[in-house]
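Written out below as structure tokens is the structure these notes cover.
The model shown is predicted, which means the values in this text are computed figures rather than measured ones. Just follow the structure's listing: the first ligand is 1, and inside any ligand the first atom is 1.
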Amino acid sequence: MQIFDSHAHYDANAFRADREEVVASLPDKGVCGIINCGASMQGCYDSIALAEGYPHVYAAVGLHPEDLLDAPQDWLKQVEQLLSHPKAVAVGEIGLDYYWKENAPREVQQAAFAAQMELAAAHDLPVIIHDRDAHGDTMELLRRHRPRGVLHCFSGSVEMMREAVSLGLYIGLGGAVTFKNARVPLEVAREVPLDRLLTETDCPYMAPVPFRGKRCDSTMIAYTAAKIAEVRGITAAEVLEAGVRNARELFGISG
Ligand SMILES: [Zn+2]
């Protein structure tokens with residue numbers, strides 16, 4: 001049984017003490033692929049370095065809406081330069097976050113999101129999208145730009161999922177589907193076409209039950225997959241297999 005983690009942050013401080021050990025051990029535990037997503041500019045460089053260090057790690061580079069205010073002035077140019085790296089397989093994570101009041105103003109976030117979708121199109125790469133409390137504006141920008149990519153940690157309704165899928169997007173589901181209050185995420189997990197589903201962690205965050213609140217890593221996707229399988233009436237192996245197949249297809253990674 002193999003696991004593909006389409007969204008991880010192994011560059012995060014939570015892994016500072018044992019990063020090498022954890023990342024190196026994952027293939028022996030069934031993890032065959034990881035997309036490490038940049039968020040800050042430094043995170044983008046660290047993602048590339050991790051991808052260079054391990055055959056099973058790939059990098060997404062892009063500026064997260066929470067990191068825009070601290071970004072260097074030429075961040076877009078720096079992101080573009082990193083995209084020429086052979087293991088840079090996506091632009092991400094990018095998007096809109098209206099939850100935190102201290103984030104960049106909405107217009108600034110929207111402009112950065114749009115600019116990075118254009119960058120992805122120019123380089124023929126998919127995007128990894130963060131959407132927190134910004135469903136309406138996210139969908140409007142997606143309709144306009146029509147990127148290939150994934151809505152990571154999907155938190156919208158079944159209707160929004162259906163529209164995203166009709167736009168050609170994938171739906172990333174992680175630990176949130178195992179949480180006690182996960183009614184809508186479970187409806188989405190049941191209804192999403194199996195060939196549009198990506199498995200992910202967002203580690204070190206979002207550990208699934210029974211590890212909720214602990215440091216997450218890619219192996220815990222087994223618990224998320226079991227929950228998705230339960231509501232779909234299929235096996236966890238089928239969910240994991242779809243996660244591997246779909247991620248390889250979206251990110252252009254050969255098995
Ligand atoms: Zn993330």
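For residue His9, an N/O/S atom approaches the Zn ion (ligand 1) to within less than 2.8 Å. Within the coordination shell of the Zn ion (ligand 1), defined by N, O or S atoms under 2.8 Å, Cys153 is absent.
By the 6.0 Å and 45° rule, Arg248 does not stack over the aromatic ring of Phe4.
The atom name of the N/O/S atom in Asp202 closest to the Zn ion (ligand 1) is OD1. Among heteroatoms of the N, O or S kind in Glu93, OE2 lies nearest the Zn ion (ligand 1).
For the pairing with Thr219, the side-chain contact (heavy atoms from CB on, under 4.5 Å) check across Val31, Val22, Asp5 returns one residue only, Val31.
Around CD of Glu187, the count of heavy atoms belonging to other residues, nucleotides or ligands within 6.0 Å exceeds 12.
Considering every non-hydrogen atom in both Thr178 and Thr224, the closest pair reads CG2-CA, 4.0 Å.
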